[in-house]
Amino acid sequence: MIEKKEVIKMKIILVALVFNGLDLITGIVGAIRDGEQIKSSKLRDGLFKKVGFIFCYALGIVINYAETFLVLPFGVDLVPVICTYAILTEVVSIIENISKINHDILPDKLKSLIGYNEGGK
């Protein structure tokens, strides 16, 4: 039977995947809004970025599973750490995309609304 902890990890990954998808969609809409032609090379790069995140999520799952049998030097549940990093990365990108979609929304204003501080300042 699947433990509650594992269900929570899957929900965290699902949330991260939603942010990945939202970044992809806002990027496409932002490009269209700016009158850019959607280039297959840019779209491919974006998709590979998302696939890279998915591999990171899988890596976290596999490492955490391996830790049930082995002593590994991580000492922390990696799935939430990896997903947090991915979500924060996507939030910044989504904000930039939204500002392309609606030029009245400036990235700095959105970043301040969500409490984003570059470099932790």
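One is the number of the first residue; the rest follow in order along the sequence. Worth knowing before you read on, the calculation uses all heavy atoms, side chains too, and leaves out hydrogens, waters and symmetry mates. What you see is a predicted model, and the numbers here were worked out from it, not measured in a lab.
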One thing to verify: whether K9 and E3 come together as a salt bridge, which I'm taking to mean a side-chain N less than 4.0 angstrom from a carboxylate O. no

Side-chain contact test, heavy atoms from C-beta onward, threshold under 4.5 Å: evaluate it for [X] versus [Y] and give yes or no.
X   : Y   : result
I28 : L43 : yes
T26 : I95 : no
K11 : I8  : no
N64 : E67 : yes

I54/L17 under side-chain contact (heavy atoms from CB on, under 4.5 Å): CA gap, chis, key distance, verdict: CA-CA 8 Å; I54 291 169; L17 288 169; 3.7 Å; yes

Please answer: with hydrophobic residues joined when any side-chain heavy atoms are less than 4.5 Å apart, are [X] and [Y] in the same cluster?
X   : Y   : value
L59 : M10 : yes
I12 : I87 : no
L78 : V62 : no
V15 : Y85 : no
L70 : V76 : yes

Separation between CD1 (I98) and OG (S93), nearest 0.5 Å, reads 10.0 Å

[X] and [Y]: which non-hydrogen atoms are nearest, and at how many Å?
X   : Y   : value
V79 : G60 : CG2-C, 3.7 Å
N20 : K50 : O-CE, 3.3 Å
I94 : F19 : CD1-O, 3.7 Å
A66 : L72 : CB-CD1, 4.0 Å
N97 : G27 : ND2-N, 3.3 Å
D77 : P80 : O-CD, 3.4 Å

I101 vs I32, side-chain contact (heavy atoms from CB on, under 4.5 Å): CA-CA, chis, key distance, verdict: CA-CA 8 Å; I101 295 166; I32 292 169; over 6 Å; no

Students should find that the hydrophobic cluster of F55, defined by side-chain heavy atoms under 4.5 Å apart, otherwise consists of V51

Aromatic plane relationship, Y57 with F53 - under 30° parallel, 30 to 60° tilted, over 60° perpendicular: parallel

